[in-house]
Amino acid sequence: MSTPDAAGVGARRGTTHPAADPSGSLWLGILKKCALVTASTIAVTAAVAAFVSGPGAALSALFGFAVVVAFFGISLAIGHLAGRNNPSGAIGLFAVTYAIKVVGFAAILFVLGTPGWLDRNWFFASAVGTVILWQIVEVYVFSKSRHQLYNDPMPPNRISGNEADRG
């Protein structure tokens, strides 16, 4: 049988989940942290790309970043929406959403074609770098969250002497 932890154990600033944002959503907290870390990194990457190869390279790096953030952001938003109403069904929605995203993003990118300003090397490097960094941050933040594995029973209320004898 598990025992409750002291208030605030494992949580930062009094939140239920250390990754949770003020609304208490684990998934939105993960989305926020991943977006902040990858955005700060891609800003430096885009600046380097602009200095080394010009403004088209910087736009290519930003476009690679945007595609990855949109791809992963949709999943975390689905997790947030599904997790509130049906936490056990969220994993199924993740899988279905993943398949839809792969087909949808591929179709959009094939239909749009390659813009003339796109520098393929910077686009590829920033997209792959964003995926790797996003996954590292996502796994780290998720590993710091706390999940209840069992539905612990509520502690019994004080029972009057007559009710205790019925048992």
Side-chain angles (χ1 to χ4, degrees), residues 10-149:
R12 292 183 230 169
R13 293 185 297 261
T15 61
T16 305
H17 300 285
D21 67 348
S23 71
S25 171
L26 170 66
W27 305 113
L28 291 182
I30 291 173
L31 175 61
K32 179 181 171 184
K33 289 186 188 324
C34 290
L36 287 173
V37 170
T38 55
S40 61
T41 304
I42 201 64
V44 172
T45 303
V48 169
F51 180 74
V52 171
S53 301
L59 285 174
S60 300
L62 291 172
F63 184 55
F65 163 78
V67 168
V68 172
V69 169
F71 189 86
F72 286 123
I74 290 170
S75 291
L76 292 171
I78 293 293
H80 167 69
L81 295 173
R84 289 186 297 171
N85 300 325
N86 185 8
S88 61
I91 193 71
L93 284 174
F94 277 131
V96 170
T97 304
Y98 184 81
I100 292 170
K101 287 186 306 182
V102 167
V103 172
F105 274 81
I108 289 170
L109 292 175
F110 283 128
V111 168
L112 290 178
T114 304
W117 53 265
L118 186 77
D119 183 320
R120 292 174 189 245
N121 292 330
W122 283 103
F123 173 80
F124 179 76
S126 70
V128 169
T130 302
V131 165
I132 292 169
L133 186 58
W134 185 284
Q135 291 298 296
I136 289 169
V137 173
E138 189 172 44
V139 167
Y140 176 77
V141 172
F142 187 79
S143 72
K144 296 297 180 186
S145 67
R146 297 180 52 115
H147 303 280
Q148 182 174 358
L149 298 177

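Because only heavy atoms are used, hydrogens play no part in the values below, and waters and symmetry mates are left out as well, while side chains stay in.
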Closest approach of Thr38 to Phe65 (non-hydrogen atoms, all atoms of both residues): OG1-CE1, 3.4 Å
If you take all heavy atoms of Ala46 and Ala61, which pair is closest and at what distance? CA-CB, 4.4 Å
Heavy-atom side-chain proximity of Phe71 to Val102 below 4.5 angstrom: yes
Leu26 versus Ser145, closest heavy-atom pair with distance: CD1-CB, 3.5 Å
For Ser126 and Gly64, work out which heavy atoms get closest and say how close. OG-CA, 3.7 Å
Please give me the minimum heavy-atom distance between Lys33 and Val141, naming the atom from each residue. CD-CG2, 3.7 Å
With a 4.5 Å heavy-atom cut-off, do Phe63 and Asp119 have their side chains touching? no
Would you indicate whether the side-chain heavy atoms of Glu138 and Leu76 approach each other to under 4.5 Å? yes
Do Phe105 and Ile74 pass the side-chain contact (heavy atoms from CB on, under 4.5 Å) test, and can you show the C-alpha distance, the side-chain angles, and the key distance before you say yes or no? CA-CA 12 Å; Phe105 274 81; Ile74 290 170; 4.1 Å; yes
In terms of ring plane angle, is the pair Trp134 and Phe72 parallel, tilted or perpendicular, where the classes change at 30° and 60°? parallel
Return the CG to CH2 distance between Leu59 and Trp122, rounded to the nearest 0.5 Å. 13.0 Å
Under 4.5 Å between any side-chain heavy atoms of Ile78 and Trp27, yes or no? no
Do Val37 and Leu133 make a side-chain contact, defined as non-hydrogen atoms from C-beta onward lying under 4.5 Å apart? yes
